[in-house]
K.L.:
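Supplied in structure tokens, the structure appears directly below.
In what follows, chains are A, B, ... by sequence order, proteins preceding strands, each numbered from 1. As the structure is a prediction and not an experimental result, all values here were calculated from the model.
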Amino acid sequence: MLLLALDTATPAVTAALHDGRTVLAESSSVDARRHGELLLPAVDRVLADAGVKLDAVTAIVVGTGPGPYTGLRVGLMTAMTFGSALGVPVHGLCTLDGLAYASGLEGDFVVATDARRKEVYWARYSGSRTRVTDPAVDRPAEIAEQVAGLPAVGAGAGLYPETFPDAHGPEHVSAGALASLAAEKLAAGEELTEPRPLYLRRPDAQVPKNYKVVTPK
Amino acid sequence: MADEPLVLGIETSCDETGVGIVRGTTLLADAVASSVDEHARFGGVVPEVASRAHLEAMVPTIERALKEAGVSAKDLDGISVTAGPGLAGALLVGVSAAKAYAYALGKPLYGVNHLASHICVDQLEHGPLPEPTMALLVSGGHSSLLLSADITSDVRPLGATIDDAAGEAFDKIARVLNLGFPGGPVIDRYAKEGDPNAISFPRGLTGPRDPAYDFSFSGLKTAVARWIEAKRNAGEDVPVRDVSASFQEAVVDVLTRKAVRACKDEGVEHLMIGGGVAANSRLRALAQERCDKAGIQLRVPRPKLCTDNGAMVAALGAEMVARGRSASDWDLSADSSLPVTEPHVPGHGTGHGHGHGHSHDHVHEVAKDNLYG
Ligand SMILES: [Zn+2]
């Protein structure tokens with residue numbers, strides 16, 4: 001088994017290779033505005049570090065978010081296209097699950113990432129492998145009661161200390177953690193999801209002024 | 001010729017997910033998935049809706065194009081993709097797909113300019129572009145007059161709209177007349193039964209001191225809307241056919257007049273018209289008439305090649321390969337305002353072209369602020 005994992009649902013642009021036992025190589029950089037530019041070079045780097053070619057990969061794992069859409073789509077589109085070109089399966093995995101897994105926390109806790117617009121993407125966990133609520137997007141103040149007293153993982157916790165006073169790392173997801181979780185699940189015979197984005201919000205129905213294409217003068 | 005470059009092109013600058021395959025100047029496949037119906041109720045393209053649709057449609061459209069062309073992906077000589085201009089989020093989906101596809105197949109990647117692609121597509125219809133060629137690009141997003149001496153390296157903007165695009169004016173007038181979206185085809189249809197001289201609507205920027213090659217359709221749009229309003233306020237029926245014909249005449253009169261004048265001023269003997277509005281029957285007829293009179297060769301591709309599609313991107317990509325232009329790097333970005341003076345986005349000099357296994361240690365360029373705006 002050789003998994004290539006990608007995630008662009010948080011400010012991290014992250015790629016990793018996993019052979020079913022361990023992470024062979026990983027590349028992560030944090031730049032919320034350049035997912036599109038940084039992802040392919042990151043893939044190129046992990047392949048070079050591990051000394052393998054892309055066509056040796058047997059499956060792709062991609063974080064399905066939730067996360068800011070423009071960046072989120074970069075990882076999904078890249079994964080789906082790799083899958084088509086290589087003829088290998090593409091598995092989706094909730095990005096929040098990757099963060100929960102990486103935290104290694106026991107007991108009840110929440111994962112919260114930055115959804116912008118003063119909101120967080122979040123879900124509740126019972127142990128680092130078991131999500132107990134569907135991912136949701138809310139204003140921190142509105143979920144304060146539901147998450148009261150729980151440790152919180154992810155950059156969303158650090159942004160809203162009033163709602164999440166007990167913040168834990170990591171801030172952003174790593175493809176290494178995502179790959180490890182996927183490898184565990186696959187080995188246990190669990191089905192992973194389709195590589196479909198978790199948008200959680202309807203699109204803003206805003207038609208920009210020059211709505212077709214912005215043509216430079 | 002079998003040794004002509006086989007290129008797959010991806011276009012996602014607006015609401016069409018286009019994947020085309022060409023061999024040199026021969027069209028092999030032109031697969032398009034459109035999200036236009038999802039936008040109609042908003043009266044225009046909603047960027048987030050378009051981006052979501054591109055993500056869904058991309059892989060099936062690539063696979064459909066390959067099947068249609070009857071070629072194998074491993075035989076491709078390159079992958080080209082619209083790097084800009086266009087809607088930032090929509091472009092990024094196509095660029096991400098093109099990079100992954102090129103990388104997985106070990107093929108060179110060419111980020112190309114959407115406007116230059118609109119010009120280059122004519123090679124698929126009429127053979128190699130004469131050099132130089134004057135190009136009039138008119139659509140919902142473009143109204144530009146461009147002079148191309150070499151479509152891979154030398155495209156000069158002579159004029160552009162200072163306000164609305166020509167196609168946008170068609171959409172807006174169609175909305176005022178309650179004819180639906182998009183407005184171009186329906187106005188063309190009504191206009192055929194109307195009198196183009198029934199109402200004298202203004203011709204923007206045609207005065208002696210106005211810029212010779214720029215366009216303005218905002219004043220015309222307002223004048224037509226006011227005229228319709230006045231009719232309605234007076235309790236009279238709006239003569240939809242005459243309004244359509246007279247409005248359309250005002251648009252195509254200005255477009256063709258300025259395009260022919262640019263050809264004469266620059267001594268250019270070939271005019272190509274591209275973009276969605278090039279499907280307009282009156283624009284084609286009047287351009288033909290005026291070009292004939294001026295001794296100019298007119299080239300207008302068939303309507304399906306005039307609207308946004310992947311074939312045009314593949315056509316320009318094939319030309320990049322044929323002329324040995326350098327490939328783009330793996331950190332190619334989508335640039336929503338890529339200037340037309342950059343027909344493609346060459347790499348930083350390391351070049352890849354041979355697939356996997358080498359690193360890019362150079363300093364990355366500063367990101368474009370507009371991408372996630
Ligand atoms: Zn266009």
K.L.:
Hey, is Glu37(A) close enough to Lys99(B) for a salt bridge, meaning N to O under 4.0 Å?
P.N.:
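Judged by the 4.0 Å cut-off on N to carboxylate O distance, Glu37(A) and Lys99(B) do not form a salt bridge.
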K.L.:
What verdict does the side chain to side chain contact (heavy atoms under 4.5 Å, CB included) test give for Glu48(B) and Arg202(A), after you've listed the backbone C-alpha separation in whole Å, the side-chain angles of each residue and the deciding distance to 0.1 Å?
P.N.:
CA-CA 9 Å; Glu48(B) 178 59 21; Arg202(A) 295 168 96 64; over 6 Å; no
K.L.:
To the nearest 0.5 Å, how far apart are CD1 in Ile10(B) and OG1 in Thr81(A)?
P.N.:
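If we round to the nearest 0.5 Å, Ile10(B):CD1 and Thr81(A):OG1 are 7.0 Å apart.
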K.L.:
First locate atom CE of Met58(B), then atom CE of Met77(A), and finally report the distance between them rounded to the nearest 0.5 Å.
P.N.:
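Output value for this atom pair is 5.5 Å.
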K.L.:
If I measure from the heavy atoms of chain B, does Pro197(A) come under 4.5 Å with its side chain, its backbone, both, or neither?
P.N.:
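The side chain, not the backbone.
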K.L.:
If every non-hydrogen atom of Ala100(B) is compared with every non-hydrogen atom of Thr78(A), which pair is closest and at what distance?
P.N.:
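Scanning both residues, the minimum pair turns out to be CB-O, 3.7 Å.
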K.L.:
When you look at CD of Glu162(A), are more than 12 heavy atoms from neighbouring residues, nucleotides or ligands closer to it than 6.0 Å?
P.N.:
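Counting other residues, nucleotides and ligands, CD of Glu162(A) stays at 12 neighbours or fewer.
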K.L.:
Under the criterion side chain to side chain contact (heavy atoms under 4.5 Å, CB included), I'd like the reasoning laid out for Tyr69(A) against Leu55(B): C-alpha separation, chi angles, the key distance, then a yes or no.
P.N.:
CA-CA 11 Å; Tyr69(A) 317 142; Leu55(B) 179 68; over 6 Å; no
K.L.:
Examine whether an atom of Val95(B) lies under 4.5 Å from a heavy atom of chain A, and if so say whether it belongs to the side chain, the backbone or both; otherwise answer neither.
P.N.:
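Answer is neither: Val95(B) stays 4.5 Å or more from chain A.
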K.L.:
Determine whether more than 12 heavy atoms belonging to other residues, nucleotides or ligands lie under 6.0 Å from atom CZ of Arg201(A).
P.N.:
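Enclosed: over 12 neighbouring heavy atoms sit under 6.0 Å from CZ of Arg201(A).
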K.L.:
Could you tell me the separation between the CG atom of Leu105(B) and the CG atom of Leu86(A), rounded to the nearest 0.5 Å?
P.N.:
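Interatomic distance, Leu105(B) CG to Leu86(A) CG, rounded to 0.5 Å: 8.0 Å.
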K.L.:
Of the backbone (N, CA, C, O) and the side chain (C-beta and beyond), which part of Ala97(B) lies under 4.5 Å from a heavy atom of chain A, both, or neither?
P.N.:
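The answer is both parts of Ala97(B).
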